[in-house]
There are 2 protein chains.
Amino acid sequence: MTSVDEPARPNGRIRDAVRTKAEILDVATQEFARVGYAGARVDDIAARTRTTKRMIYYYFGGKEQLFTAVLERSYGVIREAEQSLDVEHLDPVAAIRRLAELTFDHHERHPDFIRLVSIENIHEAEHIASSEMLGRIGSPALDVIRRILASGQESGLFTADVDAVDLHAMISSFCFFRVANRHTFGALFGRDLVDPAQREHYRTMLGDMVIAYLTADRATD
Amino acid sequence: MTSVDEPARPNGRIRDAVRTKAEILDVATQEFARVGYAGARVDDIAARTRTTKRMIYYYFGGKEQLFTAVLERSYGVIREAEQSLDVEHLDPVAAIRRLAELTFDHHERHPDFIRLVSIENIHEAEHIASSEMLGRIGSPALDVIRRILASGQESGLFTADVDAVDLHAMISSFCFFRVANRHTFGALFGRDLVDPAQREHYRTMLGDMVIAYLTADRATD
DNA sequence: TAGCTAACGTACTGGTTCGTACATTAGTCA
DNA sequence: TGACTAATGTACGAACCAGTACGTTAGCTA
């Protein structure tokens, strides 16, 4: 295991606090996502890193804090992704559809994150609640939705009585369910919601749904 | 703890296989839903029944089989509920809206079931896969949707290219997300999706969304 | 280059947890 | 009413698992 980047040491022991910490977080993210908080084993996480269990306690304090750190980093990643959203140059309908598609893509690309969120919900969001950072993380996506919605409502394209948080919930629920409930849905109904061949179909379906809702003539019903 | 139903015994020991088994299932359902499969403790489940851990192994064989039995009974309950669906006397639009509302109500009334499904998805539906019963449980709701959809498409009310399984996924995703992700969503966005005061709002939103999707003129976009 | 400390490793512990061996009894039926 | 068996209880073991006491060393800096 001697590479150019990591020259051999007499002892093989290398000191790199940043790398060690990051490696623990990487492995812990995989393990927690794979088997849940209670199902994960601190020993197993340590065994899959190049360091020892001792270091987990040294850097994070304990299993609980490690899980919180995993959540914090995972949420940080999506916040960053949301910050690079660039849809406001489009007209409101296209902008919302594009935003929905980006949400769709992001969920699909980060199944581990979806699993962590499911797990955190089983724990009633207790780690989020006790995290300084996650309490004030906000959501750039929400701001984007708010602005598009306002512009669409002003121009009369969208029905007036829609709220950004609710629309975000609507979009997220479809994207989240598709990934999170993939297994039970597949087992019960014989259809793989994440089948690559069906990807475009569901991506379009999401956009159609959201736009139909936003542009519907509510008086019709 | 002496009641009319259960007269005192010299030893307090009563034999009732059916009751014992049902009581274990009740408690196990609560515990598994509360803390997940790995988080649940066989000893704790036993302690909360009027019998002992020995009986769990006697009747179910082990923790894994107990969890499967919990899932089987839980899915059985919704299948029964679905069988009593009675919406086909309504016109297609009203029928779909009513069906969505009943799905909405059912999810809200059975948060433990939602949690069990989330947990089973973390385990990649392995218990469903290995269950004889759950493999062929089917879904009466799906048949209902299929018939309403066919009638609505025939009369030209609904867009033609919609599939029953997909529509079921759409309705379920909204209902499921609202309950399952209540905690993280609340913690991050400060809005309780299950707030009773907002119940009618979200119930209407779901119906509006589904109907808008089904009746939209897809060519507009 | 001596010494200091952040970074790391080893080995262990105490409590937990699934599962079982063995003993007992309630209720039934010949 | 005696015997048989399904149903139940007790006590324990072996593996597991989060966390820690204690010792070591790499790399920096005075």
Side-chain angles (χ1 to χ4, degrees), chain A residues 1-2 5-28 30-32 34-70 119 123 126-127, chain B residues 1-2 5-28 30-32 34-70 119 123 126-127:
Chain A
M1 271 305 192
T2 306
D5 309 79
E6 291 157 26
R9 298 296 164 99
N11 203 353
R13 195 154 151 185
I14 302 159
R15 321 196 126 195
D16 188 339
V18 175
R19 192 210 67 181
T20 300
K21 217 175 157 179
E23 194 173 338
I24 292 171
L25 270 181
D26 285 342
V27 174
Q30 288 173 32
E31 278 297 288
F32 282 131
R34 196 170 63 86
V35 290
Y37 175 76
R41 301 291 163 236
V42 177
D43 284 288
D44 289 356
I45 293 171
R48 290 185 45 201
T49 66
R50 275 174 290 186
T51 184
T52 64
K53 181 165 59 156
R54 177 73 183 76
M55 287 299 98
I56 292 176
Y57 289 89
Y58 183 70
Y59 283 119
F60 299 95
K63 189 182 179 182
E64 201 98 22
Q65 295 100 306
L66 177 60
F67 184 73
T68 301
V70 164
I119 290 159
H123 295 278
E126 61 179 74
H127 306 94
Chain B
M1 272 303 195
T2 306
D5 308 77
E6 292 157 25
R9 298 293 164 103
N11 201 352
R13 195 151 152 190
I14 301 159
R15 318 195 126 197
D16 187 338
V18 176
R19 192 210 66 182
T20 301
K21 218 175 157 180
E23 194 174 337
I24 291 171
L25 270 180
D26 286 341
V27 174
Q30 289 172 33
E31 279 296 288
F32 282 130
R34 196 169 64 85
V35 291
Y37 175 76
R41 301 290 162 238
V42 177
D43 284 288
D44 289 356
I45 292 171
R48 289 185 46 200
T49 66
R50 273 173 292 184
T51 184
T52 64
K53 183 168 54 160
R54 178 72 183 77
M55 289 298 98
I56 291 177
Y57 289 90
Y58 184 69
Y59 283 119
F60 298 95
K63 188 183 179 182
E64 202 98 20
Q65 294 99 307
L66 177 60
F67 185 72
T68 301
V70 163
I119 291 159
H123 296 277
E126 60 178 74
H127 305 93

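Residue T20(B) has a polar side-chain atom (N or O) positioned under 4.0 Å from OP1 or OP2 of dT8(D). Within the structure, a side-chain polar atom (N or O) of R41(A) is placed less than 4.0 Å from OP1 or OP2 of dA18(D).
Rounded to whole Å, atom C1' of dA6(D) lies 12 Å from atom CG of D16(B). For the pair I56(B) CD1 and dA7(D) P, the interatomic distance rounds to 16 Å; values are reported in whole Å. Atom CD of E23(B) and atom P of dT8(D) are 10 Å apart (whole Å). Here the C1' atom of nucleotide dA7(C) and the OH atom of Y57(A) are 18 Å apart, to the nearest Å. Between the CZ atom of F60(A) and the C1' atom of dA18(D) there is a distance of 16 Å, given to the nearest Å. Per the geometry, CZ belonging to R19(B) stands 14 Å off P belonging to dA26(C), to the nearest Å. For the pair K53(A) NZ and dA21(D) P, the computed distance is 13 Å after rounding to whole Å.
Mapping R54(A) and D43(A) onto DNA chain C by nearest heavy atom places R54(A) at the nucleotide closer to the 5' end. Between G62(A) and A17(B), the one whose closest nucleotide on DNA chain D sits nearer the 5' end is A17(B).
Closest heavy-atom contact between Y37(A) and H123(A): CB-NE2, 3.6 Å.
Using a 4.5 Å heavy-atom cutoff, the side chains of T49(B) and T20(B) are not in contact. Two residues are said to be in side-chain contact when any heavy atoms from C-beta on lie closer than 4.5 Å; Q30(A) and R48(A) meet this criterion. Within the 4.5 Å cutoff, the side chain of I119(A) has no heavy atoms near those of the F32(A) side chain. Taking the side chain as every heavy atom from C-beta outward, R41(B) and K63(B) approach each other to under 4.5 Å.
Of the candidates dT8(D), dA18(D), dC18(C), dT8(D) carries the atom nearest the Y59(B) side chain, counting heavy atoms from C-beta on. Closest to the side chain of T52(A), out of dG9(C), dA7(D), dT17(C), is dG9(C). Looking at the side chain of M55(B), the nearest of the listed nucleotides dG19(C), dA7(D), dA7(C) is dA7(D).
Remark: the K63(B) side chain and the dG19(C) base include no donor-acceptor N/O pair separated by less than 3.5 Å. A donor and an acceptor atom never sit less than 3.5 Å apart when one is taken from the side chain of R15(B) and the other from the base of dG27(C).
When heavy atoms are screened at a 4.0 angstrom cut-off, Y58(B) is found touching base atoms of the nucleic acid. Residue-level contact check: T51(A) touches the backbone only, with heavy atoms under 4.0 Å from sugar-phosphate atoms and none from bases. Looking at heavy-atom distances under 4.0 Å, A40(B) makes contact with sugar-phosphate atoms alone, never a base.
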